Visitor: 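I'd like to ask some things about the structure below.
On a predicted model such as this, the values are computed, not experimentally measured, just so you know.
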Amino acid sequence: MEVTPDLLTPYKMGKFDLAHRVVLAPLTRCRSYENMAQPHNTLYYEQRAAPGVFLIAEASAVSETATGYPHVPGLWSQEQVEAWKPVVDAVHAKGALFFCQLWHTGRKKSHTADFGAPPKLETEEIPQMVMDFRVAARNGIKADPRCQWVPHQPVLVVYGHRKSEFFPASASGPLYQGQPAQRQHGSSLDNRCSRLATDVIAAVVDEVGAHRVGVRLSPFAGYTDCSEADAEAHALHLVHFMDKLGVLYCHMVERRKCVNGNTGKLAIPHRLSPFRKVFKGTFIVNGGYDREEGEKVVRDGYADLVSYGRLFLANPDLPERFRKKVDLNKYDRSTFYTSDPVVGYTDYPFLSHETQVA
C-alpha cells in the first residue's frame, strides 16, 4: 500500500536522493566581502547541512555589473570559484546537496555607487548577459574539485529573479525600463519572453545539462509596475518552456499572505496550481510556510518540496526541529542584511544549545 508523503518523507529529485522535503531557500545575507565567499560563509552552510538535505545558496552575481547589493558573492572569476570550494567541500562532507543560485539584479545593477537604477539595458547587450550566465554556470561546476558526474555533484545552477526581471518586454520591467513590448520584440508572449529569459535558461542548460538546472520564479513579487495578470501569464509561458527543456525543478514564490474571509487570519493564497499542472519535474513552493502548512501542501500534492527562508536562517537544524515538533528560534529581522560575520548569522543555537562560532 502506497504511503501518502509528508514533509519529512524521502524524495528523489532526478538523480538526487533527498532525506525529506524541507529545503533551504536562497537568502541574500550580505556577508561575502569583496564578492568572495568567506570562512564564515562556510560555517553558515555547514551548520545547515546534514545527510540528504537540499540547500540552495544565496544568489551569486554573474558579473561585476550584476550585484545590486553590497557584500554578495559572485561567480564570474576564477578567484571566486576558489573561494566557493571550501563551502562546497564542507556541505558535501555533511552529506547535503548544494545548488548555487545565479542572478542578475536587473534595474538594481551596480553601475551606480548607491546600487540604484542604471540606464535601460539595450538590445545589443543581451548576448553578453546571456554569456555571463553561461560562464557563471561553468564556474559553478568548477567550484567542485571532483568530477562533475559524481552523484552528489554540488554547485548546480538556479536562476532567481523578481517578477518581470525574466520578462524584458514589460513596459516598466527592470531590464527594459520604458520600452513597450510591441516596439521591442513584438507582441506575442513567445517573442517577449524568449530574448532574455529563454535564452538564459537554454544557455545554462546547454552548459551544464537540464538535470542540473532549476529555475526560481516570483510572479507575485510586486517589484515593478508590471500587472499581476501580465506577470502570471509570462511566468506560465516560461514554465511551459522549462518543462519542454526538461529542467530539473521549478521553484516558485507564493503571493503574499492575505486575510482569510472565513477566519480573519492571515493565510497563504495558494495561487501556484496552474504552474504545478504544467511542470512535470520537481515543484518547490516558498513563501510564509510553517511546518503544518508545509505538511498539508505535500500531502495534497500541491508541491513536492517546500523551501524555508527565515525559519531555516534562525534554525540551522530546522528539519530536526520539525521532526521533533519542538519550538523554533525566533529570527531577528534587524540582522538579516548586516555584514557581521557572526551576529544573526552563525550564532543561532541548535537544539543542543551548542552554538558554533567561526
Visitor: For residues His234 and His237, determine if any side-chain heavy atom of one lies less than 4.5 Å from a side-chain heavy atom of the other.
Guide: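 No, too far: nothing below the 4.5 Å cut-off.
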Visitor: So does Lys325 have more than 12 non-hydrogen atoms from other groups sitting under 6.0 Å from NZ?
Guide: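 No - once you tally the heavy atoms of other residues, nucleotides and ligands closer than 6.0 Å, there are 12 at most.
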Visitor: Indicate, with yes or no, if Phe241 and Met252 share a hydrophobic cluster defined by side-chain heavy-atom contacts under 4.5 Å among Ile, Leu, Val, Met, Phe, Trp and Tyr.
Guide: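 Looking at the clustering, Phe241 is in the same group as Met252.
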Visitor: Using 0.5 Å steps for rounding, measure from the NE2 atom of His71 to the CG atom of Asn35.
Guide: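 Rounded to the nearest 0.5 Å, the NE2-CG separation comes to 9.0 Å.
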Visitor: I need the minimum non-hydrogen distance between Ala137 and Val204, along with the two atoms involved.
Guide: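 Smallest heavy-atom distance, with atoms named: CB-CG1, 4.0 Å.
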Visitor: Between His251 and Ile56, is any pair of side-chain heavy atoms under 4.5 Å apart?
Guide: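 Yes, side chains in contact.
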Visitor: Would Val22 and Val53 satisfy side chain to side chain contact (heavy atoms under 4.5 Å, CB included), going step by step from the backbone distance to the final call?
Guide: CA-CA 7 Å; Val22 181; Val53 175; over 6 Å; no
Visitor: Does Asp304 pair with Arg276 as a salt bridge, N-O distance under 4.0 Å?
Guide: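 A salt bridge is present here (some side-chain N lies under 4.0 Å from a carboxylate O).
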Visitor: Arg48: what forms a salt bridge (Lys or Arg N to Asp or Glu O under 4.0 Å) with it, not counting sequence neighbours?
Guide: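 Counting only residues at least two positions away or on another chain, Arg48 forms no salt bridge (Lys or Arg N to Asp or Glu O under 4.0 Å).
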Visitor: Under 4.0 Å between a side-chain nitrogen and a carboxylate oxygen: does that hold for Lys296 and Asp300?
Guide: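 So Lys296 pairs with Asp300 through a salt bridge.
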Visitor: Looking at Arg31 and Glu58, is any side-chain nitrogen of the basic one under 4.0 Å from a carboxylate oxygen of the acidic one?
Guide: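 Here Glu58 does not pair with Arg31 in a salt bridge, since their nearest N and O are not under 4.0 Å apart.
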Visitor: Quick one: do Met36 and Val81 end up in the same hydrophobic cluster if we chain Ile, Leu, Val, Met, Phe, Trp and Tyr together by side-chain heavy atoms under 4.5 Å apart?
Guide: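 In one cluster: no.
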Visitor: Taking the side chain as every heavy atom from C-beta outward, state whether Tyr33 and His40 have any pair of such atoms under 4.5 Å apart.
Guide: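 Result yes, sub-4.5 Å side-chain heavy-atom pair found.
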Visitor: Is there a chain of hydrophobic side chains (I, L, V, M, F, W, Y, each step under 4.5 Å between heavy atoms) that links Val87 to Leu313?
Guide: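 Yes, Val87 and Leu313 fall within the same hydrophobic cluster.
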Visitor: Provide the closest heavy-atom pair for Gly246 versus Ala210 in the form atom of the first, atom of the second, distance.
Guide: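 For Gly246 versus Ala210, the nearest heavy atoms are O-CB, 3.4 Å.
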Visitor: Applying side chain to side chain contact (heavy atoms under 4.5 Å, CB included) to Glu320 and Arg323, what does each step give before you reach the verdict?
Guide: CA-CA 5 Å; Glu320 186 62 18; Arg323 192 179 305 279; 3.9 Å; yes
Visitor: What pairs with Phe336 under ring-ring contact (aromatic ring centres under 6.0 Å, His included), at least two apart in sequence or on another chain?
Guide: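 Listed in chain order: Tyr331.
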Visitor: Does Leu97 reach the side chain of Met13, with side-chain heavy atoms less than 4.5 Å apart?
Guide: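 Yes, at least one pair of side-chain atoms sits under 4.5 Å.
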Visitor: Say you draw a straight line from NZ of Lys15 to NE2 of His211; how long is it, rounded to the nearest 0.5 Å?
Guide: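 The NE2 atom of His211 is 4.5 Å from NZ of Lys15, to the nearest 0.5 Å.
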Visitor: Below 4.5 Å, heavy atoms only, C-beta onward: do Leu305 and Leu18 meet side chain to side chain?
Guide: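 Of all side-chain heavy-atom pairs linking Leu18 with Leu305, at least one is under 4.5 Å.
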Visitor: Holding to side-chain hydrogen bond (donor to acceptor under 3.5 Å, both in side chains), I want the full list of residues that pass it with Lys244, two or more places apart in sequence or in another chain.
Guide: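 By the side-chain hydrogen bond (donor to acceptor under 3.5 Å, both in side chains) rule, Lys244 matches no residue at all.
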Visitor: Test of understanding: with ring-ring contact (aromatic ring centres under 6.0 Å, His included), list the residues that count as partners of His240, not counting sequence neighbours.
Guide: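 If we apply the ring-ring contact (aromatic ring centres under 6.0 Å, His included) test to His240, skipping adjacent residues, there are no hits.
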Visitor: Mind checking side-chain hydrogen bond (donor to acceptor under 3.5 Å, both in side chains) for Ser32 and listing every partner two or more places apart, or none if nothing turns up?
Guide: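 For Ser32, the residues satisfying side-chain hydrogen bond (donor to acceptor under 3.5 Å, both in side chains) (neighbours in sequence not counted) are Asn41.
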Visitor: For a 4.5 angstrom cut-off between non-hydrogen side-chain atoms, does Leu318 reach Leu328?
Guide: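 In contact.
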Visitor: Once ring-ring contact (aromatic ring centres under 6.0 Å, His included) is applied, do any residues pair with Phe54, and if so which ones, sequence neighbours excluded?
Guide: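 With sequence neighbours excluded, Phe54 shows a ring-ring contact (aromatic ring centres under 6.0 Å, His included) to Phe99, Tyr249, given in chain and number order.
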Visitor: Check whether any side-chain N or O of Tyr302 sits under 3.5 Å from a backbone N or O of Leu272 as a donor-acceptor pair, and report yes or no.
Guide: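 Yes, because the side chain of Tyr302 sits within donor-acceptor range (under 3.5 Å) of the backbone of Leu272.
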Visitor: Given the rule in the side chain to side chain contact (heavy atoms under 4.5 Å, CB included) test, do Val326 and Leu351 qualify, once you have shown the distances and angles that lead to the verdict?
Guide: CA-CA 9 Å; Val326 297; Leu351 281 172; 3.5 Å; yes
Visitor: To the nearest 0.5 Å, how far apart are OG in Ser63 and CG in Leu102?
Guide: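 Going from OG on Ser63 over to CG on Leu102, the span is 11.0 Å.
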Visitor: Tell me every residue that passes side-chain hydrogen bond (donor to acceptor under 3.5 Å, both in side chains) with Arg321, counting only those two or more places apart in sequence or in another chain.
Guide: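 Here the qualifying residues are Asn315, Asp317.
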Visitor: Check the angle between the aromatic planes of His270 and Tyr289 and answer parallel, tilted or perpendicular using the 30° and 60° thresholds.
Guide: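 If you compare the ring of His270 with that of Tyr289, the planes turn out tilted.
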Visitor: Which pair of non-hydrogen atoms, one from Ala25 and one from Ser307, has the smallest distance, and what is that distance?
Guide: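 It is CB-OG, 3.7 Å.
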Visitor: According to salt bridge (Lys or Arg N to Asp or Glu O under 4.0 Å), who are the partners of Glu79, at least two apart in sequence or on a separate chain?
Guide: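 In terms of salt bridge (Lys or Arg N to Asp or Glu O under 4.0 Å), with neighbours along the sequence ignored, Glu79 is linked to no residue.
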Visitor: Of all heavy-atom pairs between Ala83 and Pro86, which one has the smallest distance, and what is that distance?
Guide: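 Looking at all heavy atoms of both residues, the shortest contact is O-CD, 3.2 Å.
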Visitor: Kindly say whether Lys280 contributes a backbone atom to a donor-acceptor pair with the side chain of Asp243 at under 3.5 angstrom?
Guide: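 Side chain of Asp243 to backbone of Lys280, a donor-acceptor pair under 3.5 Å: yes, one is there.
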Visitor: Is any side-chain heavy atom of Val215 less than 4.5 Å from a side-chain heavy atom of Phe279?
Guide: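 Side chain of Val215 against side chain of Phe279, heavy atoms only: no contact under 4.5 Å found.
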Visitor: First locate atom OG1 of Thr42, then atom NZ of Lys85, and finally report the distance between them rounded to the nearest 0.5 Å.
Guide: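 Thr42 OG1 to Lys85 NZ: 13.5 Å, rounded to 0.5 Å.
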Visitor: So which atom in Ala235 and which in Leu217 form the shortest heavy-atom distance, rounded to 0.1 Å?
Guide: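 Minimum heavy-atom separation between Ala235 and Leu217: O-CD1, 4.4 Å.
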Visitor: Enter the distance from Leu196:CG to Phe133:CZ here, rounded to the nearest 0.5 Å.
Guide: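 These two atoms lie 7.5 Å from each other.
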Visitor: One pair to check against side chain to side chain contact (heavy atoms under 4.5 Å, CB included): Ile268 and Val297. What are the steps and the verdict?
Guide: CA-CA 11 Å; Ile268 298 172; Val297 295; over 6 Å; no
Visitor: Please name all residues satisfying ring-ring contact (aromatic ring centres under 6.0 Å, His included) with Phe283, sequence neighbours left out, ordered by chain then number.
Guide: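 Scan of Phe283 (ring-ring contact (aromatic ring centres under 6.0 Å, His included), adjacent residues dropped) gives none.
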Visitor: Looking only at atom types and distance, does a side-chain atom of Asn139 sit under 3.5 Å from a main-chain N or O of Leu75, one as donor and one as acceptor?
Guide: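 Here the side-chain-to-backbone pair exists.
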Visitor: Please work out whether the ring planes of Trp103 and Tyr69 are parallel, tilted or perpendicular, with thresholds of 30° and 60°.
Guide: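 Ring orientation of Trp103 relative to Tyr69: parallel.
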Visitor: Pick one: which of Asp199, Val135, Thr198 meets side chain to side chain contact (heavy atoms under 4.5 Å, CB included) with Val130?
Guide: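 Checked Asp199, Val135, Thr198 against Val130; only one passes side chain to side chain contact (heavy atoms under 4.5 Å, CB included): Asp199.
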Visitor: For the CZ atom of Phe322 and the CG atom of Asp6, what is their distance to the nearest 0.5 Å?
Guide: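 Answer rounded to 0.5 Å: 12.0 Å.
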Visitor: How about Tyr348 and Thr335: do any of their side-chain heavy atoms sit closer than 4.5 Å?
Guide: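 The answer is yes; the side chains approach within 4.5 Å.
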Visitor: What residues form a side-chain hydrogen bond (donor to acceptor under 3.5 Å, both in side chains) with Thr282, not counting sequence neighbours?
Guide: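 Thr282 satisfies side-chain hydrogen bond (donor to acceptor under 3.5 Å, both in side chains) with Tyr11 once adjacent residues are dropped.
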Visitor: Can you list everything that forms a salt bridge (Lys or Arg N to Asp or Glu O under 4.0 Å) with Asp132? Sequence neighbours excluded, please.
Guide: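 Scan of Asp132 (salt bridge (Lys or Arg N to Asp or Glu O under 4.0 Å), adjacent residues dropped) gives none.
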Visitor: Between Val239 and Val200, is there a shared hydrophobic cluster once you connect ILVMFWY residues whose side-chain heavy atoms come closer than 4.5 Å?
Guide: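 Val239 clusters together with Val200.
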Visitor: Shared ILVMFWY cluster between Met131 and Val62, side chains joined below 4.5 angstrom?
Guide: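 Not linked; separate clusters.
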Visitor: Work out which heavy atom in Thr346 is nearest to a heavy atom in Pro341; give both atom names and the distance.
Guide: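 Scanning both residues, the minimum pair turns out to be OG1-O, 3.7 Å.
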Visitor: So which pairs with a foot in residues 65-77 pass salt bridge (charged side-chain N to carboxylate O under 4.0 Å, His left out), sequence neighbours left out?
Guide: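 As it turns out, there is no salt bridge (charged side-chain N to carboxylate O under 4.0 Å, His left out) pair with a partner in residues 65-77 once direct neighbours are skipped.
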